[in-house]
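Comments concern the structure below.
A note on names: the letters A, B, ... follow the listed sequences, proteins ahead of strands, and every chain is numbered from 1. Heavy-atom basis, side chains included; hydrogens, waters and symmetry copies ignored. Keep in mind the model is a prediction, meaning the values are calculated, not measured.
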Number of protein chains: 2
Amino acid sequence: MYTDSVTYTADRLIESTRELLWERGYVGTSPKAIQQRAGVGQGSMYHHFDGKPDLALAAISRTAEEMLAAAEGQFTAPGTSVERIAAYLRRERDVLKGCPIGRLTQDPDVMADPVLRRPVEQTFTAMRGRLAEVLAEGRDRGELTDTLDPAATASTIVAVLQGGYVLARAADSTAPFDQAVDGVLGLLAAQTR
Amino acid sequence: MYTDSVTYTADRLIESTRELLWERGYVGTSPKAIQQRAGVGQGSMYHHFDGKPDLALAAISRTAEEMLAAAEGQFTAPGTSVERIAAYLRRERDVLKGCPIGRLTQDPDVMADPVLRRPVEQTFTAMRGRLAEVLAEGRDRGELTDTLDPAATASTIVAVLQGGYVLARAADSTAPFDQAVDGVLGLLAAQTR
DNA sequence: GTCTATACGGGGATAGAC
DNA sequence: GTCTATCCCCGTATAGAC
């Protein structure tokens, strides 16, 4: 029964849930751990939220909103289509922590619950759609070749980001992430005219 | 104390561990679930393996070997550099299940254990290195432009694959994966001469 | 609103019989 | 080699007092 009327205690609970979901995923996060990190007692938690899924929904929704808003900041900045995409890909990130939304994709209990699943699905649908718009705009302005497929390329770019996190975590280094980003931007540069 | 001397029962345990790690990750997989899926009793499991980490190491190692061997099959096939990469990216895959190695990257307990972490790290290091070789070969043969960066592009390609899985799982559809692959191959086509 | 008590199954493993 | 018994702590709550 998550609503937006958030008290101070509830907010602390949501924040520690966000952190733990990011670090350990849904399956790896227990109510007890959430309470301890928030410095909130058992009774309080169950007073403000129905349980773990309810709390997770609040946390995931908040993270999803922030992610899209942050991206939008890059997309609406001045510059060419490719410049804005480069700014987005290269902006400051906690690369080794990975994507807080993308990681949920691997969580069987999240994917099995339609309510928890929805914000994850919508986030990526929105991201791909928005990037496709930016690319289409670049093409229409004559910045990009006519043969470039905005939708496919948008999916490629989002995939490079998500996959870059995977490579960085596997290597315990941001280097492969940066390489992957440099690589796709190099390929994209060849599409400018 | 995992070794390669594998009995029939031990093999069944390894196989069910592989499946469960793929479906639910390390944190989400219990010894009990492994035993039940393998049709093997508690005592048997602890006779053949020291415990969950030991069993996981056997499972992960086997999966990692298979993954690299499968990729090598595409890379050594006849055809141009780009053709072989396209064959690799487009080969039959269980896209919605994701990558059994890549998903471990999100598992805090796997990443925290150097022994379990190593095969994950090595798999991606090898994949990126091998793809870079294939690209460098294409460049040296004059199939690809001289300005293409083999190492960066290799990371991009592996990232597209890993990220493609994420997008597919988020959408519960293989479409974004296929789009991402088409997108990167489209960009790569512009590098051929 | 928050606290403590209580509950019940599961995770992960050990012990010893067969 | 495999089986059953047993262990202890944790996950995920519910109940009721304050």
Kindly write out the residues that satisfy side-chain hydrogen bond (donor to acceptor under 3.5 Å, both in side chains) with B:R84, not counting sequence neighbours, or none if the list is empty. B:E137
Residue list, side-chain hydrogen bond (donor to acceptor under 3.5 Å, both in side chains) with B:Q122, at least two apart or on another chain: none
For chain A and DNA chain D, what are the first and last nucleotides along the strand, 5' to 3', with at least one atom under 4.0 angstrom from a heavy atom of the protein chain? D:dG11 to D:dT14
Can you list everything that forms a side chain to side chain contact (heavy atoms under 4.5 Å, CB included) with A:E19? Sequence neighbours excluded, please. A:E23, A:R37
Linked hydrophobic residues, B:V27 as query - side chain contacts closer than 4.5 Å: A:V27
Taking only residues two or more places apart in sequence or in another chain, which ones pass side chain to side chain contact (heavy atoms under 4.5 Å, CB included) with A:P31? A:Q35, A:M45, A:Y46, A:K52
Sub-3.5 Å pairs of nitrogen or oxygen atoms, protein against nucleotides 10-14 of chain C:
from   : atom 1 : to    : atom 2 : distance (Å)
C:dG11 : OP1    : B:S30 : OG     : 3.4
C:dG12 : OP1    : B:K52 : NZ     : 3.2
C:dG12 : OP2    : B:K52 : NZ     : 3.4
C:dA13 : OP2    : B:Y46 : OH     : 3.3
C:dA13 : OP2    : B:K52 : N      : 3.2
C:dA13 : N7     : B:Q42 : NE2    : 3.0
C:dA13 : N6     : B:Q42 : NE2    : 2.7

B:Q74 meets the side-chain hydrogen bond (donor to acceptor under 3.5 Å, both in side chains) criterion, sequence neighbours left out, with none
Using side-chain hydrogen bond (donor to acceptor under 3.5 Å, both in side chains) as the criterion, list what pairs up with A:Q179, not counting sequence neighbours. B:R128, B:S155
